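Reviewing the structure listed below.
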Amino acid sequence: MDFWGTVLVVFRRWYVTVPALLLALGGSYAVYRTVPTVYQSGAVLVLTIPVTGGSVPTDPAYPNPRTNPLLNYNGSLNVAASILLQALSAPETAARLGAPPGGETTYVVHNGSPNPELLASGPFVIINARSPSAGTAHTLVTRLVEQARRELAARQAALGAPVSTYIQLTPMVPPTEPQEQRGGKSRTAMAVLALGLFAALTAGYAMESLAAALRRRRAGPAAPAEAVEPAETAEPLALRP
């Protein structure tokens with residue numbers, strides 16, 4: 001059936017379609033109100049080499065030259081960032097920081113790439129936390145930043161690296177103020193509304209088919225067509241002698 005035919009059915013069976021449409025709107029609004037609000041907070045950290053370099057001079061009279069950390073990047077920082085990503089993403093770390101697996105509060109730690117295991121993505125640690133509570137999301141990001149600092153220092157200490165060569169973790173973007181994420185609520189409400197509209201149209205067409213079937217039943221069986229008697233064949237005229 002074309003568009004105008006559908007509109008005609010909707011208006012003709014308004015006593016079915018209108019209540020169904022109102023129920024769809026009410027259900028969509030109820031779902032939007034009941035779906036919990038989610039807040040998101042994040043931070044971006046970058047690993048840098050100290051200004052005195054990554055090594056200790058053997059002769060104190062000739063110390064390492066001072067270098068701008070932003071001009072002194074190499075693949076080692078990418079490896080260190082990857083180690084941090086794996087350590088911060090461990091389920092035990094999540095549970096200790098207040099985001100146990102399966103809970104409503106979650107977080108993701110990555111390096112800006114869809115695949116965090118790619119070491120060539122750069123020395124970045126990007127943190128995104130989501131929670132129904134704005135305060136919880138912000139607190140979790142702050143805890144993750146501090147945990148990253150402790151984890152980095154502990155691993156360098158375990159390797160016996162000189163303190164002056166420790167890799168530094170600098171916040172490019174400190175923990176942000178939590179922002180309300182309405183995308184999930186809106187998508188869920190729109191899905192419920194779409195299903196409700198489909199149900200309303202289905203109910204209208206069902207009532208239209210039922211009404212047509214009742215009209216045919218009341219009309220009764222169609223009368224058989226009367227047989228048309230064949231015309232009498234005229235007798236041939238007698239031939240005159």
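This is a predicted model, so every value here is computed, not measured. Hydrogens, waters and symmetry mates play no part in the numbers below; they use all other heavy atoms, side chains included.
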- Linked hydrophobic residues, Val163 as query - side chain contacts closer than 4.5 Å: Tyr166
Compile the donor-acceptor pairs under 3.5 Å between side chains in residues 42-49 and protein atoms, sequence neighbours left out, one pair per line.
none

- Query: Do the side chain of Ser28 and the main chain of Ala24 share a donor and acceptor less than 3.5 angstrom apart?
  - Reply: no
- Residue pairs passing the salt bridge (charged side-chain N to carboxylate O under 4.0 Å, His left out) test with at least one member in residues 127-147, sequence neighbours excluded, are none
- Item | Minimum side-chain heavy-atom gap Val56-Thr165 below 4.5 Å | yes
- Message: Taking Leu201 as the starting point, is it possible to reach Leu197 by hopping between hydrophobic residues whose side chains are less than 4.5 Å apart?
- Response: no
- Message: Please check this pair: side chain of Ser41 against backbone of Thr176, looking for a donor-acceptor N/O pair closer than 3.5 Å.
- Response: yes
- Query: So do the side chains of Leu193 and Leu25 get within less than 4.5 Å of each other, counting heavy atoms only?
  - Reply: yes
Donor-acceptor pairs are to be reported for all side-chain atoms of residues 91-109 against protein atoms at under 3.5 Å, with residues two or more places apart or in another chain.
residue, atom, partner, partner atom, Å
Thr93, OG1, Ala87, O, 3.0
Thr105, OG1, Ser131, OG, 2.9
Tyr107, OH, Leu88, O, 2.5

- Message: Restricting to salt bridge (Lys or Arg N to Asp or Glu O under 4.0 Å), what partner residues turn up for Arg149, sequence neighbours left out?
- Response: none
- Message: If the condition is side chain to side chain contact (heavy atoms under 4.5 Å, CB included), which residues does Leu195 pass it with, not counting sequence neighbours?
- Response: none
- Task: Establish whether Tyr39 and Leu144 are linked, either directly or via other cluster members, by ILVMFWY side-chain heavy-atom contacts under 4.5 Å.
- Result: no
- Query: Are the side chain of Ser82 and the backbone N or O of Asn78 linked by a donor-acceptor pair below 3.5 Å?
  - Reply: no
- Message: side-chain contact (heavy atoms from CB on, under 4.5 Å), that's the test. Do Phe124 and Met172 meet it? Break it down for me.
- Response: CA-CA 9 Å; Phe124 300 104; Met172 293 181 61; 3.7 Å; yes
- Val125 and Leu85: side-chain contact (heavy atoms from CB on, under 4.5 Å), yes or no, with the steps? CA-CA 7 Å; Val125 177; Leu85 295 181; 4.2 Å; yes
- Test side-chain contact (heavy atoms from CB on, under 4.5 Å) on Met207 and Tyr15 and set out the steps. CA-CA 10 Å; Met207 183 57 65; Tyr15 50 87; 3.8 Å; yes
- Joint cluster assignment, Val192 & Val38, ILVMFWY side-chain distance < 4.5 Å: no
